[in-house]
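Structure record follows, encoded as structure tokens.
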Amino acid sequence: MNRRMADLSALPGHLKQVADGTRQMQEGSTALVSGINRFSSGFYALKEGNARLTDGAQKLQAGLKPIADGQRELADKLRQAAQMAAQDGKSDERIDVIADPVIVKENNLHPVPNNGTGFAPYFIALSLWVGSLVLFFVIDLRTVAAMPKHPLSYLTNKYVALASVSIFQAILSVFVLHTGLGLPTVLPPLQLYAFSVITGLAFTAIMFFLLSVLGNDVGRFVAVLILMLQLAGSGGSYPVELEPGFFSFIHPYLPMTYAVDGFRQLISIGGHKALWSDAAVLAGFGIGSLALLFLIKRRTILLEINERTQV
């Protein structure tokens, strides 16, 4: 009796376990059904992907066939072209054209016999500039033998003394180059002498202006500074078109630019019009320098003349 009572009291616990197991089994069944559905969807997507992959492979195979046909046709055409090129005997010419498709023809319009002749215009102009500067190391601008009565006479007398030496050195330098060293000219040699004298006189006038207005030390410094600019800006040693923009800008304003071009006309180019145009510009530099000097120093010279006259 007691045993039966104990079994009856344990019955509710067993029933609860049965209920829990039934619930778990129901949940597992639901999860199994959901998994089967997902598997079915994935299998269907895999089936569609395989179908598309098969279709793409078929299209790729169909597209590769024309490419292969085109490659064979290209190979045949290239083979035929190679055979034709070998038959006409011009294969080497074709190779040369492919290797060097552009042919550059050089025409030397104004040939010179050697490098020294080519640089002669530059160095002649340079020597005349330096020679004009050296004059003012030898001749003292402040010393006069007799005091003139007018500022124009005062400046004229000093410039004539300087100009006489400048003319001598210009003629001497051209004589040594043309007669002594055989420097060729395409224009008459007399024009070379005349242009050298004009260049020397213009450079001397510029030096006269700089040293008279700025003083000996500052004037010489400015003359050397201008010389340094002219070494690159005159276009005598290197084409100014290939130089920095600064030198291209100052090129037209440098007196040595026209001296170098004038000597080039005389030695190798032969342009009369350009030659006398250069000579006119140089003469303008010289006359302009003397005119500015007169205007700037006129009153100072008058005072100096009056002081020396009174003494």
Using distance only, find each side-chain donor-acceptor pair of residues 268-275 under 3.5 Å and give its atom names and separation, not counting sequence neighbours.
residue: Ser268; atom: OG; partner: Arg264; partner atom: O; Å: 3.3

inquiry  = A side-chain contact here means heavy atoms from C-beta on lying under 4.5 Å apart; do Asp278 and Phe195 qualify?
reply    = yes
Remaining members of hydrophobic cluster (4.5 Å side-chain criterion), Ile287 = none
task = Compare all side-chain heavy atoms of Leu227 with those of Leu126 and state whether any distance is below 4.5 angstrom.
result = yes
task = Taking all heavy atoms of Ala205 and all of Gly286, pick out the closest pair and write down the distance.
result = CB-O, 3.5 Å
request  = Could you tell me which non-hydrogen atom of Leu201 sits nearest to which non-hydrogen atom of Ala163, and how far apart they are?
outcome  = CD2-CB, 3.5 Å
note = Closest non-hydrogen atoms of His251 and Ser234, given as atom of the first, atom of the second and distance, are CE1-O, 3.3 Å
request  = Could you list the residues that satisfy ring pair (Phe, Tyr, Trp, His ring centres under 6.0 Å) with Phe209, not counting sequence neighbours?
outcome  = none
inquiry  = Are the side chains of Leu128 and Ile124 in contact, using a 4.5 Å heavy-atom criterion?
reply    = yes
key: Heavy-atom check, side chain of Tyr193 versus side chain of Ile171, under 4.5 Å   = yes
query = Apart from Leu242 itself, what residues make up its hydrophobic cluster when side-chain heavy atoms of I, L, V, M, F, W and Y under 4.5 Å apart count as a link, directly or indirectly?
reply = Tyr238
query = What pairs of residues pass the salt bridge (Lys or Arg N to Asp or Glu O under 4.0 Å) test when at least one of them lies in residues 60-72, not counting sequence neighbours?
reply = Lys65-Asp69, Asp69-Arg72
message = Does anything in residues 217-232 form a side-chain hydrogen bond (donor to acceptor under 3.5 Å, both in side chains)? List the pairs, not counting sequence neighbours.
response = none
task = Using the side chain to side chain contact (heavy atoms under 4.5 Å, CB included) rule, take Thr199 and Tyr258 through it: C-alpha gap first, then chi angles, then the decisive distance, then the call.
result = CA-CA 9 Å; Thr199 303; Tyr258 304 94; over 6 Å; no
note = Gly236 and Tyr122 have their tightest heavy-atom pair at CA-CD1, 3.5 Å
message = Show every side-chain hydrogen bond (donor to acceptor under 3.5 Å, both in side chains) that has at least one partner inside residues 162-181, sequence neighbours left out.
response = Ser166-Thr204
ask   = Quick one: does Trp276's side chain get under 4.5 Å of Gln265's, heavy atoms only?
value = no
remark   = Of all heavy-atom pairs linking Ser196 and Phe263, the shortest is OG-CE2, 3.3 Å
task = Name all pairs fulfilling the salt bridge (Lys or Arg N to Asp or Glu O under 4.0 Å) condition that reach into residues 42-64, sequence neighbours left out, sorted by first residue then second.
result = Asp55-Lys59
remark   = Hits for side-chain contact (heavy atoms from CB on, under 4.5 Å) against Thr156, two or more places apart or cross-chain, chain-then-number order -> Leu152, Val160
Side-chain donor-acceptor pairs of residues 180-188 under 3.5 Å, sequence neighbours excluded:
residue: Thr185; atom: OG1; partner: Leu187; partner atom: O; Å: 2.9

request  = Considering only Ile, Leu, Val, Met, Phe, Trp and Tyr, and joining two whenever side-chain heavy atoms are under 4.5 Å apart, list the other residues clustered with Phe168.
outcome  = Leu172, Val176
query = Looking only at atom types and distance, does a side-chain atom of Ser248 sit under 3.5 Å from a main-chain N or O of Val240, one as donor and one as acceptor?
reply = yes
Aromatic plane relationship, Phe208 with Tyr159 - under 30° parallel, 30 to 60° tilted, over 60° perpendicular = parallel
query = Are side-chain heavy atoms of Thr117 and Ile267 found at a separation under 4.5 Å?
reply = yes
ask   = Hey, are the side chains of Ile226 and Leu210 touching, using non-hydrogen atoms and a 4.5 Å cut-off?
value = yes
Gap separating the CG atom of Leu293 from the CG atom of Leu211, nearest 0.5 angstrom = 10.5 Å
message = Give me the atom names and distance for the closest heavy-atom approach of Ala259 to Phe203.
response = CB-CZ, 3.9 Å
Partner set under ring pair (Phe, Tyr, Trp, His ring centres under 6.0 Å) for Tyr253, not counting sequence neighbours = Phe249
